[in-house]
Amino acid sequence: MAKLTRDNKDGIYSLMLTPFFEDRSIDYNTYEEYADWQVSQGVEHLFAVCGSSEMKELTLEERLKLATLTVKHKGNTTVVATANIEPTKEENLEEIKKMEQTGVDGIVLTTKGMGDDDDKLVEYIRDLASTATVPVFLYEFPGFQPHKMSGKAYGELTKDGLIWGIKDTTCTMEGIQSKIDNKGDSTIIQANMPFLFDSYVAGARGVMATPTSCGGAFFQRFHEAFVSGDMALAEQRYNEIILLDNAIDNGFCASAKELIRLQGVKNFNWYTRGSHHLDGTRLRSLKSFHDWCVANGLMK
C-alpha cells in the first residue's frame, strides 16, 4: 500500500462525500463501495472527512468511522482526513490522536476561524501539528470564518518543513501566488477551478476540489498532461474540468452524489444533511451531462 512521502505529496486528493439514507443516517455500505469507485478513478490520494463530506454535520464517531473505512479501501492511494473539528484546542489534540489511530497517512488541520490573526493562527497550528506523527496539511475551510491564511503566516509554518501542503481556498490568483511564494518544500493544493490552470502555471501542483468527489479521473488526466509538458492537452483537460464544475455547481454536493449514482454506485442517493434538493429538472440535466461525458469517453 502507498505511503505519503515528500516525493509523492503532489497530485489529486479526491474528496469523499458521505452517503445518507432518507432519515439522514450514514449508509456505510454504500460508502465502502464509493471508496472503491474513487480508487478506480486512478487518483493518488483520497481526502476523507472534508467539507464535501459535510464534516461539520458529522459526529466525531462518524468522522472516525468514515476515515477508518476509507483506509480499509484505499488500495494504492493514500488517505488524509481532517482532525480539528471539535470546538476546543484540547479536544483537537485528542481528536488528532484518534484520527491517527484510524490508519490515515496524513491529517488535515483547518485554519479554525483565525485567518485574521497571523500570530494566533501560527501558534495554534504549530501546537497541534507538532504533536502529529503523520504528515500535516492545512485547509482554509470556509465553515470556520475568517478562514483565509496569509502567505506570510503560511511561510512561517513551512520554513522548517512542519506543514506539507495547504488546500488554498482564496479563489484569487493573488492569494494563490502568496502561498506559492512562501511554500518552501510544501505543495499548494487548489480548490478553485477557474484558476486551476493558471495556478499550475504559477507553481501549484495539487487539487482538493469539490468536483473530484465525482470526477477524479478528470483531474488525474489534467495533472498528468500538465506535468508531462503537453500544454495543449492540459488545457483541453482543464476545459473538461470547467464543464464538470459547472454541471455540479447548482446544488453541490447533492448533484455530485447523483453523478456518482449515474456512474455505477447505484445506491448512492443525493440526500444530504443540509437543505439541498434535486427536482426532476435538475436530475434530468445531470443525466444529460453524464450521457454526454460517456459518449465522449470522459465517464463510464
*Where is the tightest heavy-atom contact between Asn8 and Lys3, given as atom of each residue plus distance?*
ND2-O, 2.8 Å
_List the residues meeting side chain to side chain contact (heavy atoms under 4.5 Å, CB included) with Thr131, not counting sequence neighbours, and say none if there are none._
Leu93, Ile96
*Output the distance between atom CG (Asp245) and atom CD (Glu240), rounded to the nearest 0.5 Å.*
13.5 Å
*asked:* With a 3.5 Å distance limit and no angle check, can you tell me whether Lys179 reaches the backbone of Ala204 through a side-chain donor-acceptor pair?
replied: no
*side-chain contact (heavy atoms from CB on, under 4.5 Å) between Asn269 and Arg261: does it pass, once the steps are laid out?*
CA-CA 7 Å; Asn269 60 58; Arg261 187 189 69 80; 5.7 Å; no
*Looking only at heavy atoms, which two atoms of Leu109 and Val136 are closest? And how far apart?*
CD1-CG1, 3.7 Å
*What distance separates Ser52 OG from Lys257 NZ, expressed to the nearest 0.5 Å?*
9.5 Å
_Verify same cluster id: Val134, Met16 (apolar side-chain graph, 4.5 Å)_ = yes
*Taking only residues two or more places apart in sequence or in another chain, which ones pass ring-ring contact (aromatic ring centres under 6.0 Å, His included) with His276?*
none
_I'd like to know if the side chain of Asp117 and the backbone of Met114 have a donor-acceptor N/O pair within less than 3.5 Å._
no
*Mark yes or no for whether Asn76, through its side chain, and Ala2, through its backbone, hold a donor-acceptor pair below 3.5 Å.*
no
*How close do Leu278 and Ala254 get, heavy atom to heavy atom, and via which atoms?*
CD1-O, 3.5 Å
*Given the rule that I, L, V, M, F, W and Y join up when any side-chain heavy atoms are under 4.5 Å apart, are Met99 and Tyr124 in one cluster?*
yes
*Answer yes or no: are there more than 12 heavy-atom neighbours, outside Lys97 itself, under 6.0 Å from its atom NZ?*
no
*asked:* Ring centres under 6.0 Å, that's the criterion: do Tyr13 and Phe137 meet it?
replied: yes
*Lys NZ or Arg CZ of Lys65 over Tyr28 ring: under 6.0 Å, within 45°*: yes
_Short side-chain to backbone donor-acceptor contact, Thr158 and Ile163, under 3.5 Å_ = no
_Please list all pairs meeting salt bridge (Lys or Arg N to Asp or Glu O under 4.0 Å) that have one or both residues in residues 10-36, counting only residues at least two apart or in different chains._
Glu32-Lys72
*Would you kindly confirm whether Trp292 and Ile248 end up in one hydrophobic cluster when ILVMFWY residues are joined by side chain heavy atoms under 4.5 Å apart?*
yes
*Shortest non-hydrogen contact from Pro142 to His147?*
CA-CG, 3.8 Å
*Flag the pair Lys152 and Asp118 as a salt bridge only when some basic side-chain nitrogen lies within less than 4.0 angstrom of an acidic carboxylate oxygen.*
no
_side chain to side chain donor-acceptor pair (under 3.5 Å) assessment of Tyr139 paired with Thr169_ = CA-CA 8 Å; Tyr139 178 8; Thr169 65; over 6 Å; no
*Where the side chain of Glu57 meets the backbone of Gly274, is there a donor-acceptor pair that is under 3.5 Å apart?*
no
*May I ask you to check whether Tyr200 and Phe222 place their ring centers less than 6.0 Å from one another?*
yes
_Test of understanding: clusters of I, L, V, M, F, W, Y form through side-chain heavy atoms closer than 4.5 Å, transitively. Do Leu243 and Phe219 belong to the same one?_
yes
*Going by an N to O cut-off under 4.0 Å, is there a salt bridge joining Arg237 and Asp230?*
no
*Pi-cation contact, Phe144 with Lys112 (under 6.0 Å, within 45°)*: yes
_Nearest-0.5 Å distance, CD of residue Glu156 to CG of residue Leu162_ = 11.5 Å
_Just to verify, what does Ser130 make a side chain to side chain contact (heavy atoms under 4.5 Å, CB included) with, not counting sequence neighbours?_
none
*Look up atom CD in Glu140 and atom CD1 in Ile189, then write down how far apart they are to the nearest 0.5 Å.*
11.5 Å
*Please name all residues satisfying side chain to side chain contact (heavy atoms under 4.5 Å, CB included) with Ala217, sequence neighbours left out, ordered by chain then number.*
Gln41, Arg221
*Anything under 30° is parallel, anything over 60° is perpendicular, the rest tilted; go ahead and classify Trp37 against Tyr34.*
parallel
*Can you check whether Ser186 reaches Ile166 side chain to side chain, under 4.5 Å on heavy atoms?*
no
*Would you name the heavy atoms of Val43 and Ser14 that are closest together and state the gap between them?*
CG1-OG, 3.4 Å
*Which heavy atom of Arg6 sits nearest a heavy atom of Gly161, and at what distance?*
NH2-O, 2.8 Å
*Val104 and Val71: side-chain contact (heavy atoms from CB on, under 4.5 Å), yes or no, with the steps?*
CA-CA 6 Å; Val104 295; Val71 170; 4.0 Å; yes
*For the side-chain contact (heavy atoms from CB on, under 4.5 Å) test, which of His45, His223, Glu224 pairs with Ile12?*
His223
*Around Asp279, counting heavy atoms of other residues, nucleotides and ligands shown, do more than 12 lie under 6.0 Å from its CG?*
yes
*Please list, chain by chain and in numerical order, all residues satisfying side chain to side chain contact (heavy atoms under 4.5 Å, CB included) with Leu60, sequence neighbours excluded.*
Arg63, Leu64, Glu86, Glu95, Lys98
*Should Ile242 and Met193 count as side-chain neighbours, where that means a heavy-atom distance under 4.5 Å?*
yes
_Ser288 side-chain N/O to Arg284 backbone N/O, donor-acceptor pair under 3.5 Å_ = no
*Within the side chain of Thr78, is there an N or O that forms a donor-acceptor pair under 3.5 Å with the backbone of Leu4?*
no
*Kindly indicate whether the side chain of Asp168, heavy atoms from C-beta on, has any atom under 4.5 Å from the side chain of Phe195.*
no
*Counting N and O atoms only, with roles assigned by atom type, does the side chain of Tyr238 sit under 3.5 Å from a partner on the main chain of Pro194, one being a donor and the other an acceptor?*
yes
*Are any of the side-chain heavy atoms of Phe47 and Thr82 separated by less than 4.5 Å?*
yes
_I need the Ile107 CD1 to Asn92 CG distance, nearest 0.5 Å._
10.0 Å
*Under 3.5 Å donor-acceptor, Thr30 side chain and Phe268 backbone*: no
*Can you check whether Ala48's main-chain N or O pairs, donor with acceptor, with Ser53's side chain at less than 3.5 Å?*
no
*Can Val265 be reached from Phe21 by stepping across I, L, V, M, F, W or Y side chains whose heavy atoms are under 4.5 Å apart?*
no
*Find the distance between CZ (Phe141) and NZ (Lys56) and round it off to the nearest 0.5 Å.*
6.0 Å
